[in-house]
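A, B, ... follow the sequence lines: proteins, then strands. Residue 1 opens every chain. Not measured: the values here are computed from a predicted model.
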Amino acid sequence: MKILVCIKQVPDTADIKWTENNTIQREGVESVINPFDIYAIETALEIKKSCENVEITALSMGPLQAEEILRKAIAVGCDNGVLVSDKKFAGADTYSTGKTIAAAIKTFCPDFDLIICGQFATDGDTAQTGPTIANNLDIPQVTYVKQINSCENNSITLERETEEGTETLKVHFPALICVLQNDKEPQRPRINGIIKAQKAEIQTLTLNDIGLSSDEVGIKGSPTYVSKAFRPENKREKCVIINTCDELFEKLCQCGVKINE
Amino acid sequence: MSNKTILLYAEVTKENYLHTVLFELANKAHELAKSLDNATIAALLITKPGMLNEFKEAFENNGFDKVYIAEHEKFSNYSTELYSKAALDIIKEIQPEIILIGATTQGRDLAPRISSSLHTGLTADCIELEINEKGMLAATRPTFGGKLMATILCKNKPQMATVRPKVFKPLNEILKKNTEYILKTPDLSNLKTNVELIKFTKNLTSCINELDSAEIIVAGGKGMKNEEGFRLLKEFANTIGAAVGASRGAVDMGLAAHEMQIGQTGKTVTPKLYIACGISGAIQHIVGMDGSDKVIAINSDKNAPIFENSDYGIVGDAFEILPQLTKMLIK
């Protein structure tokens with residue numbers, strides 16, 4: 001069984017600050033693997049434990065530095081890493097990103113069984129790239145996957161979380177799933193994993209390799225564009241600072257909290 | 001009425017009612033239509049047969065000009081493949097100017113399939129929609145981890161956006177229209193689904209609905225540190241009859257379930273009173289609770305951004321303050 005895990009390098013959003021000139025301070029912000037994607041890798045590793053002959057390839061689209069997260073993926077147990085990287089891919093929206101990743105997959109691994117993505121990336125927060133990849137590959141998708149119940153040779157049974165409850169679904173391969181975070185502790189890299197990751201050859205695919213034209217990728221191939229960016233405005237009056245619990249209690253009562261008699 | 005159409009996706013819930021986000025989108029669509037030569041407001045309803053009559057009053061009272069219905073036995077349960085096929089058939093025929101979809105799990109699953117197939121853009125989780133001076137849909141959303149607002153335009157048609165429930169308000173009066181109903185019978189014969197629904201388990205503890213309707217919400221963040229912190233928080237919440245929510249930080253730490261998460265990747269809530277305990281106040285969280293009437297923050301860091309988004313704040317340890325308040329409230 002061939003599993004592809006799509007992972008993304010994102011800025012550590014907790015690190016992002018505003019400068020005095022109302023611009024985003026990007027320097028010194030550390031890049032991390034998107035937290036949801038850690039669970040995408042975990043899901044793939046879990047399947048590998050329960051099934052035979054599972055090969056996991058981690059794939060990332062991004063600048064050359066994104067190689068780093070692919071090595072991290074190998075260190076925790078993925079078999080290979082593929083980087084989809086070209087300066088012409090820069091500025092891609094989700095439409096274009098999904099199309100580019102799908103084209104890359106068609107090039108290097110058209111016989112995949114399952115693609116696993118994180119439900120969201122913490123930088124864009126759109127949850128759109130996974131379904132867009134699936135649409136471009138003309139395969140079904142299941143989003144909001146909470147857990148894998150069982151895995152067979154050509155299908156997987158899993159649970160999807162919605163506002164109203166939990167769906168148990170049987171998904172036939174090839175398919176794409178987007179996974180949520182769970183409370184399981186992610187794997188830590190082992191020594192032999194780290195050694196393997198250091199030695200691993202990361203395959204890089206550029207625009208020339210994936211059969212798309214330069215008009216179809218990056219900012220040119222993106223239907224959407226940002227017309228302006230600004231700092232969110234604060235609609236509240238200045239916060240009144242309270243010093244004692246008695247005062248806080250009073251405010252709670254003013255705000256409609258009833259005393260439980 | 002112009003020949004431009006604003007199409008809204010009408011989601012049918014498992015309990016067979018129209019998801020209320022439709023009425024919130026309808027209110028916004030009426031506003032947009034005014035700047036778009038009085039565009040037609042239409043709904044797209046994908047449902048099992050026999051449901052339409054139940055919904056007619058709602059469509060008519062919310063001022064829909066047209067409702068396009070795709071009916072089929074196979075639409076009893078949501079399926080990405082079947083629903084996107086049905087939606088695309090209708091959309092290709094009517095060629096709307098704008099499509100708005102509620103950012104529910106279903107909407108977020110369906111919308112990117114549609115936009116990708118139509119080779120157009122999709123702006124997720126918008127918090128404001130306007131028609132700009134060129135007649136384009138200007139969709140504003142939080143981005144870059146929520147620290148930046150971006151207004152996004154789309155050069156292709158239809159221009160598509162998703163909006164979370166509770167971001168817009170529904171109409172506050174009835175806007176009666178003689179809605180035209182257009183029934184389409186989708187051809188699903190060549191379509192085989194590769195995803196089978198084996199079973200559906202309804203949520204027993206519906207803390208989701210609790211957060212939706214709660215007048216008071218007590219929410220905990222990373223500052224609640226451990227299970228003991230959340231126990232104190234829940235005890236306080238129970239005492240004042242409040243629902244319990246959490247920030248992403250607390251959910252990531254395993255202190256609260258994902259469905260309790262408030263913020264950009266969780267729920268949007270609009271209670272009368274929101275009490276944020278140990279929540280630093282990242283913009284991702286703020287966008288989920290900023291519609292609250294009053295906000296009180298308890299945080300030990302006097303520089304925490306939550307205070308900038310609160311009406312009242314107390315700088316102190318929630319582990320000490322919450323039990324004290326609980327005690328004062330019980331006596």
Side-chain angles (χ1 to χ4, degrees), chain A residues 11 13 16 18 24 35 93-95 98 120 122-128 131-132 135-136 140-144 157 162-172 175 180-181 183 223-232 234 236-237 239-242 245 248-249 251 255-260, chain B residues 13-14 80-81 104-105 108-109 112-113 115-117 120-125 138 143-145 147-156 194-203 208 216 239-240 254 258 264-265 272-273 283 294 296 307-314 321 324-325 328-330:
Chain A
T13 48
I16 299 171
W18 279 89
I24 287 260
D93 67 1
T94 57
Y95 171 86
F120 299 90
T122 52
D123 55 349
D125 262 339
T126 68
Q128 288 172 187
T132 307
N135 198 55
N136 277 283
Q141 86 212 12
V142 181
T143 51
Y144 296 90
T157 305
T162 73
E163 294 91 341
E164 296 173 276
T166 304
E167 296 172 345
T168 306
L169 300 161
K170 184 168 184 173
V171 186
H172 297 272
L180 293 168
Q181 287 173 312
D183 47 18
T224 63
Y225 57 98
V226 177
S227 74
K228 76 177 173 192
F230 54 97
R231 190 173 187 161
N234 190 342
R236 276 177 215 281
E237 307 260 325
C239 180
V240 176
I241 293 292
I242 298 165
C245 259
L248 180 58
F249 177 74
K251 289 286 178 240
C255 291
V257 170
K258 305 242 172 8
I259 296 176
N260 192 348
Chain B
T13 65
K14 289 259 191 220
T80 313
E81 296 157 289
T104 57
T105 51
R108 281 171 168 278
D109 189 87
R113 290 299 284 220
S115 59
S116 165
S117 295
T120 192
L122 172 64
T123 306
D125 282 342
T143 184
F144 227 101
K147 294 214 163 68
L148 187 70
M149 301 301 272
T151 301
I152 293 170
L153 302 177
C154 179
K155 50 194 178 194
N156 299 353
N194 289 308
V195 180
E196 296 164 48
L197 180 68
I198 293 171
K199 76 171 183 203
F200 175 72
T201 317
K202 205 171 167 294
N203 279 338
I208 297 166
I216 308 173
T239 311
I240 60 171
H258 175 71
Q264 205 183 352
T265 49
K272 291 209 170 97
L273 175 62
I283 301 289
K294 290 280 177 215
I296 297 181
F307 290 120
E308 287 166 32
N309 294 282
S310 301
D311 299 286
Y312 305 108
I314 181 161
I321 293 167
Q324 269 193 55
L325 285 174
M328 291 165 93
L329 284 154
I330 288 176

Engaged part of B:Ile216 at the chain A interface, taking heavy atoms whose separation is under 4.5 Å: side chain

Heavy-atom closest pair (A:Thr224 atom, B:Gly121 atom, distance to 0.1 Å) is CG2-CA, 3.5 Å

Hey, could you give me the CD/OG1 distance between A:Glu167 and B:Thr201, rounded to the nearest 0.5 Å? 9.5 Å

Verdict with reasoning, B:Arg108 to A:Thr143, per side-chain contact (heavy atoms from CB on, under 4.5 Å): CA-CA 9 Å; B:Arg108 281 171 168 278; A:Thr143 51; over 6 Å; no

A:Ile241 side, atom CD1; B:Ile314 side, atom CD1 - distance, nearest 0.5 Å: 9.0 Å

Return yes when atom NZ of A:Lys228 has more than 12 non-hydrogen atoms of other residues, nucleotides or ligands closer than 6.0 Å, and no otherwise. no

Heavy-atom donor-acceptor pair, A:Arg236 side chain to B:Ser310 backbone, under 3.5 Å: no

Interatomic distance, CG@A:Leu248 vs CD@B:Gln324, rounded to 0.5 Å, equals 9.5 Å

Which atoms of B:Ile296 come close to chain A, meaning under 4.5 Å heavy atom to heavy atom: side chain ones, backbone ones, both, or neither? side chain

Nearest heavy atoms of B:Gly313 and A:Cys239, plus distance in Å: N-SG, 3.4 Å

Taking B:Asn156, B:Thr123, B:Thr13 one by one, which has the highest count of heavy-atom pairs under 4.5 Å against chain A? B:Thr13

Side chain, backbone, both or neither of A:Gln141 within contact of chain B (heavy atoms, under 4.5 Å): both

Under a 4.5 Å heavy-atom cut-off, does chain A meet the side chain of B:Leu273, its backbone, both or neither? side chain

Kindly say whether B:Leu122 contributes a backbone atom to a donor-acceptor pair with the side chain of A:Gln128 at under 3.5 angstrom? yes

First locate atom CD1 of A:Ile242, then atom CD1 of B:Ile321, and finally report the distance between them rounded to the nearest 0.5 Å. 9.5 Å

Max heavy-atom pair count under 4.5 Å with chain A, selected residue of B:Gly254, B:Ala150, B:Ser115: B:Ala150

Using a cut-off of under 4.5 Å for heavy-atom pairs, which of A:Ala229, A:Cys245, A:Gly256, A:Ala175 has the most such pairs with chain B? A:Cys245

Chain B heavy atoms under 4.5 Å from A:Tyr144: which part of the residue, side chain, backbone, both or neither? side chain

Note: vs chain A, highest number of non-hydrogen pairs under 4.5 angstrom among B:Asp109, B:Thr80, B:Leu197 is B:Asp109

Roughly how far, to the nearest 0.5 Å, is OG1 of A:Thr157 from CD1 of B:Ile198? 4.5 Å

With no hydrogens and no angle check, just 3.5 Å: does a side-chain donor-acceptor pair link B:Arg113 and A:Asn135? yes

With a 4.5 angstrom heavy-atom cut-off, is it the side chain or the backbone of B:Thr104 that approaches chain A, or both, or neither? both

Contact part of B:Glu196 toward chain A, heavy-atom cut-off under 4.5 Å: side chain, backbone, both or neither? both

Value rounded to 0.5 Å, distance of OG1 in A:Thr168 from CZ in B:Phe200: 10.0 Å

Is the backbone N or O of A:Ser227 less than 3.5 Å from a side-chain atom of B:Thr151, with the two atoms forming a donor-acceptor pair by type? no

Heavy-atom contact with chain A under 4.5 Å, split by part of B:Glu81: side chain

Does any backbone or side-chain atom of A:Tyr225 lie under 4.5 Å from a heavy atom of chain B? Answer side chain, backbone, both or neither. both

Need one label for B:Lys294: side chain, backbone, both or neither, based on atoms under 4.5 Å from any heavy atom in chain A. both

Please classify the contact of B:Asp311 with chain A as side chain, backbone, both or neither, using a heavy-atom distance under 4.5 Å. both

